[in-house]
Amino acid sequence: MKILCVTKCPTGMVQTYVAAEKLEQAGKKLGVDLSVETQGAMGIQNQFSPEQIDEADYIVIAADVAINEASRFGNKKLYVTSLEDAIVHPEQILESLTTKSYSYQDAAVSNKKILG
């Protein structure tokens, strides 16, 4: 399973990077192929290529504000959560992707603030 994660907090500081680290640690522990893109105060770091997005099985959006370029995930299954949840429960998020992720269109309806 290939998972891409995007993290972004309102100030683009600490929580963005703590959530990224926690998700990466959970991915290693669970043995999944996971990459993280941070959208922080220093801009977008480790931005996903179109090929990475195409190959991904799931996209985890851990954010408390709108992420940049959300529409590029239009044909993927998304799991949208808060930064706090990603920091506190990263393993549970990754373990529940198959049952709690939604199409971009469905996720956008209930997460307009995050997906624009």
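The model shown is predicted, which means the values in this text are computed figures rather than measured ones.
Between Lys2 and Leu4, the closest side-chain pair of non-hydrogen atoms is not below 4.5 Å. In this structure, Thr98 and Tyr58 have side chains that are in contact, with non-hydrogen atoms separated by less than 4.5 Å. At least one side-chain heavy atom of Ile44 sits under 4.5 Å from a side-chain heavy atom of Glu69. Contact annotation: the side chain of Arg72 approaches that of Gln47 to within less than 4.5 Å [non-hydrogen atoms, C-beta and beyond]. Using a 4.5 Å heavy-atom cutoff, the side chains of Val60 and Leu34 are not in contact.
Formation of a donor-acceptor pair under 3.5 Å by the Ser96 side chain with backbone atoms of Ile93 is found in this model.
For residues 105-116, the pairs satisfying side-chain hydrogen bond (donor to acceptor under 3.5 Å, both in side chains) are Ser103-Asp106, with sequence neighbours left out.
Pairing each heavy atom of Ala41 with each of Thr11, the nearest pair is CB-O, 4.2 Å. Taking all atoms of both residues into account, the shortest heavy-atom contact from Ala62 to Leu83 is O-CD2, 3.2 Å. Looking at every heavy atom in both residues, Val6 comes nearest to Gln39 through CG1-NE2, 3.7 Å. When all heavy atoms of Phe73 and Tyr104 are compared, the pair lying nearest together is O-CB, 3.6 Å. The two residues Thr7 and Thr16 have their closest heavy-atom pair at OG1-O, 2.9 Å.
Atom-to-atom distance recorded for Ile59:CD1 and Lys77:NZ is 12.5 Å, nearest 0.5 angstrom. Considering NZ of Lys29 and CD of Glu24, their distance stands at 16.0 Å, rounded to 0.5 Å.
Note on Leu94: it does not cluster hydrophobically with Phe48, by side-chain heavy-atom contacts below 4.5 Å among ILVMFWY residues.
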